[in-house]
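It should be emphasised that the depicted structure is a prediction, and the values quoted were computed from it without experimental measurement. A note on names: the letters A, B, ... follow the listed sequences, proteins ahead of strands, and every chain is numbered from 1.
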Amino acid sequence: MSKAITPRAQDYAQWYNDLVIKSGLADYSAVRGCMVIKPYGYALWENMQAELDKMFKDTGHQNAYFPLFIPKTFLSREAAHVEGFAKECAVVTHYRLKNDPAGGGVIVDPEAALEEELIVRPTSETIIWNTYKTWIQSYRDLPILINQWANVVRWEMRTRLFLRTAEFLWQEGHTAHATAEEAMEEARRMLDVYTQFAESFMALPVIRGVKSPAERFAGAVETFCIEALMQDGKALQAGTSHFLGQNFARAFDVQFLNKNNEQEYVWATSWGVSTRLIGALVMAHGDDDGLKLPPKLAPIQVIIIPVYKNDTQRATVHTQALEILEQLKKAGFRVQYDDADHVRPGWKYAEYELRGVPLRLSLGEREIQQHQVEAVRRDTREKLYLPFDQLPEKIGDLLDQIQQDMFHQAKSFRDQHITTVDNWDDFLRALEEPGGFVYAHWDGTPETEIRIKELSKATIRCIPFPGQLPDHGSGHCVLTGKPSARRVLFARAY
RNA sequence: CGGGGUGUAGCGUAGUCCGGUCCAUCGCGCCAGGUUUGGGACCUGGAGGUCGCAGGUUCGAAUCCUGCCGCCCCGACCA
């Protein structure tokens, strides 16, 4: 075992780090809190991007790109927004370096201070709304439906690979609308897009809902989210969508002339998902032997491994393997053939399991004689034999099956980790055992929400949309006993 | 920012308490050749080191002293 992974049961955080590093998704970098996304991890991100991008385009959005740097004054225009981000902004103060006269290498040239400091974007609402102001005059200019793929920087105190890094990659949608209804519809539509992406591509079941005021995005009127559950029982926000009301339009004075010839502030939304989704994928599906990637996103869907005992066999197997490789490529699968001769089949089995490749095909003399390949599923380790003449169909079916089974596996885990409780003792107990989500009444006050967090480390993940979870009607707050209109979903979270 | 840990070859480590026998141990990986190949092979040979950095103590420092730095983990804050 050259690449030992810490078992989940022993140390979950270490298991996660081991998986990310050893599967080749990412590396630590020389910069504190910043990581290198390695080719395998980036390929995964590209697959996610491709699917999301398609969904954005299908819902009428276009991509654009706004500056990395934001004038400092922009950030302070919207009061809640600046309060939310001020503590974690990287600031550019100078534009030039020079040789240290004292001989200490290169130093910041004190003569080259910027007149107005620039903020490295933690999110782009401000620069975008400053721009939209110049694009919008009439209701005929609306809606504006724009998305950008970008990097952002949030100077986090504590970072974790993919889950929380100082710099990360994401997409941020920013839309402008003539009416509140339309903007609200947009925010809800994009949350549906995220839901569909999470569930059918990532095989990650999510609960849709509204954020409590305390968890709301800085500057939003309403924040919607999808919440997923990780195997250690902690929740992870997998995507958010915000109804921004007229907050940014007011802050940047973006008005339009409506059909009645009246000036009106524009209605806004923003929505985003980030490379953190890769962390979600790792933690929702992985096991002690490595990643399990859902077929729809896996950079390698099928790996072909040759098995032989001598050069004669090797040649035979090689010829057959190439034929299968071509056939599968032609059928549109992301397939690779590993004919490296310096490691043996067993090594390769372990390696591709670590990397989470959904389906492994082994091909040796035995299989060739019987006109079949040995196939092993990564998710269940089930071994099957597939006849040569039905490979593309059978493999297509298998990958679909794996995709579905992974979703159901995750969903069944998630459902077993939602506990409905009615008193504080049970609340605390449920957070430990079984862990996960706790569905309880809350009196609706921020004070109680904070108190619950202090006492239990659990936060309100969301107030689920109707139909997401059973509605038990009104009741009494799990902490204060005060009247509560409905249950909300609590959990400890990433 | 607080608490803990850690820094020795690409990775993981021994040695540090008690200085010399260490121009530094072992495993993995790497290179060459050979034997192998159905669950992380083996043999032989080889390459690879500012012992985190700076200063100090000493005849002599990976080891002792002072200062600094990096990174990881836990907590507070956040996607």
Side-chain angles (χ1 to χ4, degrees), chain A residues 1-6 11-18 20-22 27-35 83-89 122-123 152-172 194 211 214-218 223 225-228 235-242 270-280 289-290 305-314 317 338-355 360-368 373-374 376 381 383 453-454 457 459 461 492-494:
Chain A
M1 291 294 256
S2 60
K3 289 187 176 176
I5 293 169
T6 307
D11 183 343
Y12 192 85
Q14 194 53 47
W15 165 78
Y16 174 80
N17 286 334
D18 283 356
V20 169
I21 299 293
K22 290 178 179 173
D27 249 345
Y28 292 111
S29 76
V31 185
R32 191 205 80 97
C34 295
M35 66 172 177
E83 198 183 326
F85 288 105
K87 285 169 291 181
E88 49 187 26
C89 284
T123 178
V152 286
V153 168
R154 296 181 188 176
W155 215 260
E156 300 290 347
M157 294 186 228
R158 195 176 147 223
T159 57
R160 295 196 64 186
L161 295 166
F162 287 115
L163 298 174
R164 176 160 294 104
T165 44
E167 178 191 13
F168 59 95
L169 306 185
W170 77 346
Q171 57 69 215
E172 46 181 328
Y194 290 155
K211 282 294 187 193
E215 299 280 329
R216 195 179 284 155
F217 174 73
T223 288
C225 63
I226 52 173
E227 292 286 327
L236 184 140
Q237 178 176 297
T240 52
S241 160
H242 315 290
S270 67
W271 28 273
V273 298
S274 72
T275 39
R276 141 179 270 217
L277 288 181
I278 293 175
D289 292 319
I305 294 173
V307 181
Y308 44 82
K309 292 197 196 306
N310 52 52
D311 283 350
T312 318
Q313 282 193 5
R314 190 184 176 194
V317 169
D338 187 346
D339 65 343
D341 192 40
H342 65 288
V343 286
R344 293 151 87 226
W347 190 93
K348 295 176 186 173
Y349 295 166
E351 183 65 17
Y352 290 101
E353 279 165 13
L354 172 60
R355 288 158 71 89
R360 176 182 81 226
L361 305 182
S362 291
L363 187 70
E365 285 266 287
R366 234 162 45 199
E367 285 78 12
I368 291 177
V373 292
E374 178 197 280
V376 176
R381 292 166 196 280
K383 189 182 285 186
K453 186 180 178 182
E454 284 169 1
K457 289 180 187 156
T459 51
R461 300 322 303 155
R492 293 178 182 147
Y494 279 100

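- Dashed line: the shortest gap from a side-chain N or O of A:K453 to OP1 or OP2 of B:C77 is under 4.0 Å.
- The side chain to side chain contact (heavy atoms under 4.5 Å, CB included) with A:F168 is formed by just one residue from the set A:V153, A:V152, A:L163; it is A:V152.
- The residues A:R381 and A:D289 are annotated as salt-bridged, a charged nitrogen and a carboxylate oxygen being separated by less than 4.0 angstrom.
- Across all strands shown, A:L163 has heavy atoms under 4.0 Å from base atoms, whether or not it also approaches the sugar-phosphate.
- Nucleic acid contact for A:K211: none, since no nucleic acid atom lies under 4.0 Å from a heavy atom of the residue.
- Between the C1' atom of B:G12 and the CD atom of A:Q14 lies a distance of 13 Å, rounded to the nearest Å.
- Across B:U63 and B:G56, the matching C1' atoms stand 15 Å from one another, rounded to whole Å.
- When rounded to the nearest whole Å, the span between OH of A:Y28 and P of B:G12 equals 11 Å.
- Using P as the reference atom, B:A62 and B:C68 are 23 Å apart when rounded to the nearest Å.
- B:C31 and B:C71 have their P atoms separated by 31 Å, given to the nearest Å.
- If you check every strand for non-hydrogen atoms under 4.0 Å, A:F168 touches a base.
- Rounding to the nearest 0.5 Å gives a distance of 11.0 Å between CG of A:L161 and SG of A:C34.
- One interatomic measurement links the two molecules: OH of A:Y16 to C1' of B:C73, which rounds to 15 Å at whole-angstrom precision.
- B:G75 atom C1' lies 13 Å from atom CZ of A:R492, rounded to whole Å.
- Comparing B:A76, B:C30, B:C77 by their nearest atom to the side chain of A:H342 picks out B:C30.
- Remark: C1' of B:A79 and CD1 of A:I278 are 14 Å apart, rounded to the nearest angstrom.
- Contact annotation: A:N17 side-chain N/O to B:C73 OP1/OP2 distance is under 4.0 Å.
- Atom CH2 of A:W271 and atom P of B:A79 are 19 Å apart (whole Å).
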Summarise protein proximity over nucleotides 32-39 of chain B in one line of letters, 5' to 3': B for base, S for sugar-phosphate only, - for none, counting protein heavy atoms closer than 4.0 Å. ----BBBB
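- Although no hydrogens or angles enter the test, the distance criterion places a donor-acceptor pair under 3.5 Å between the side chain of A:Q171 and the main chain of A:V273.
- With 3.5 Å as the limit, one finds no donor-acceptor pair spanning the side chains of A:T6 and A:D11.
- For the C1' atoms, the distance linking B:A61 with B:C53 amounts to 16 Å, nearest Å.
- When the C1' atom is used for both B:C17 and B:A76, the distance is 35 Å, rounded to whole Å.
- Judged by distance alone, the side chains of A:R314 and A:T312 never bring a donor and an acceptor atom under 3.5 Å apart.
- Between B:G40 and B:A24, the distance separating the two P atoms is 35 Å to the nearest Å.
- For A:D341 and A:Y308, the side-chain atoms include at least one donor-acceptor pair closer than 3.5 Å.
- For B:A32 and B:A47, the C1' atoms lie 10 Å apart once the distance is rounded to whole Å.
- A donor-acceptor contact shorter than 3.5 Å links the side chain of A:Q313 to the backbone of A:K309.
- Applying the salt bridge (charged side-chain N to carboxylate O under 4.0 Å, His left out) test to A:K453 and every residue at least two apart in sequence or in another chain returns nothing.
- Rounding to whole angstrom units, CG of residue A:D11 and P of B:G5 are separated by 16 Å.
- A gap of 39 Å separates the C1' atoms of B:G7 and B:G34, to the nearest Å.
- Put simply, CG on A:D27 is 13 Å from C1' on B:C71, counting in whole angstrom units.
- Nearest-nucleotide mapping onto RNA chain B: of A:R276 and A:M157, the residue sitting toward the 5' end is A:M157.
- The aromatic rings of A:H242 and A:F217 lie parallel to each other, with less than 30° between the two planes, well short of the 60° mark.
- With the 3.5 Å cutoff on both pairing distances, Watson-Crick and G-U pairs in RNA chain B assemble into runs of at least 3 at B:1-7 with B:69-75, B:10-12 with B:26-28, B:30-35 with B:41-46, B:52-56 with B:64-68.
- Within 4.0 Å of A:T165, counting heavy atoms only, lies at least one base atom of the nucleic acid.
- Looking at heavy-atom distances under 4.0 Å, A:Q237 makes contact with sugar-phosphate atoms alone, never a base.
- Both cation-pi conditions hold for A:R360 and A:Y349: the charged atom is under 6.0 angstrom from the six-membered ring centre and inside a 45 degree cone around its axis.
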